[in-house]
Amino acid sequence: MRRNVVGGLAVIGALALALGVGGGVYGLAMARRGFSARDEPSALETKVARAARSLSMPAGAREVNNPLVPVPWQALADARAHWGDHCAICHAADGSGQTPIGQGLYPRAPDMRAAPTQDLSDGELYWIIQNGIRLTGMPAWGQAHDEVGNNDSWALVGSSARCRASARKSSTK
């Protein structure tokens, strides 16, 4: 029994040592190279950033429904204008994120047409628009008192939902 415990502790110690040495080597390499926003994020950084985005949202955000569904045509027109004024500078008019500012951010402005964003619920998109995402270029557009009542942001989410539905239809053809 004692032998198993000692052996298990030795394995755990070896793993901790390997992780510590590996982390130290990675940290030294990063320090020598510098931390430039021009570098492409590693797969690990991308996973960590997406996990941070998910963890930053309250548990119930995914279940919050858009109160404007169906979104009135005028609200959709206003949302498109809002996108042009506030969002397109980073995310581009087509949502690709291919703008000088969007590509200069670290992490890059996401392609709004890609699955990691398209798979977000209306409530999650609303939360991101209202509250931003720390350690990225995504600002908080909402005010503290807005909670779930900012119709401009909900119209933007509704506009995005129309794009998601359109993208799903074209991918099934």
Inset, instruction - Walk me through it: do Trp141 and Asn150 pass the test side-chain contact (heavy atoms from CB on, under 4.5 Å)? - result: CA-CA 10 Å; Trp141 291 105; Asn150 185 316; over 6 Å; no
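Under the 4.5 Å side-chain heavy-atom criterion for Ile, Leu, Val, Met, Phe, Trp and Tyr, Leu17 and Val25 are members of the same hydrophobic cluster. Transitive grouping of hydrophobic side chains (ILVMFWY, heavy atoms separated by less than 4.5 Å) brings Trp73 and Trp154 into a common cluster.
Side chains of Ile89 and Thr99 form no contact here, defined as non-hydrogen atoms less than 4.5 Å apart. Side chains of Leu120 and Arg53 form a contact here, defined as non-hydrogen atoms less than 4.5 Å apart. Side chains of Glu124 and Val64 form no contact here, defined as non-hydrogen atoms less than 4.5 Å apart. No side-chain heavy atom of Asp78 sits under 4.5 Å from any side-chain heavy atom of Asp152. Here the side chains of Leu105 and Cys90 are in contact, with some heavy-atom distance below 4.5 Å. Side-chain contact between Asp122 and Asn65: absent, with no pair of heavy atoms (C-beta onward) separated by less than 4.5 Å. Between Arg50 and Pro116 the shortest side-chain heavy-atom distance falls below 4.5 Å. With a 4.5 Å cut-off on side-chain heavy atoms, Trp83 and Met112 count as touching.
Between Gly97 and Gln103 the shortest heavy-atom distance is O-NE2, 2.8 Å. Across all non-hydrogen atoms, the minimal contact from Ala155 to Ala75 is CB-O, 3.7 Å. Of all heavy-atom pairs between Leu156 and His82, the closest is CD2-CD2, 3.5 Å. Of all heavy-atom pairs between Asp119 and Arg62, the closest is O-NH2, 3.5 Å. Of all non-hydrogen atoms in Ile128 and Met57, the two that sit nearest each other are CD1-CE, 3.9 Å. Looking at every heavy atom in both residues, Trp127 comes nearest to Ala61 through CB-CB, 4.4 Å.
The structure places OG of Ser159 at 11.0 Å from CG of Leu125, a figure rounded to the nearest 0.5 Å. Put simply, OG1 on Thr46 and CZ on Arg108 are 10.0 Å apart, with the number rounded to the nearest 0.5 Å. To the nearest 0.5 angstrom, His91 atom NE2 is 12.5 Å from Gln98 atom CD.
No hydrogens or angles considered: nothing links the side chains of Glu40 and Tyr106 as a donor-acceptor pair under 3.5 Å.
Of the possible polar contacts, one joining the Thr136 side chain to the Ile133 backbone as a donor-acceptor pair under 3.5 Å is found.
Partners of Asp111 by salt bridge (charged side-chain N to carboxylate O under 4.0 Å, His left out), not counting sequence neighbours, listed by chain and number: Arg113.
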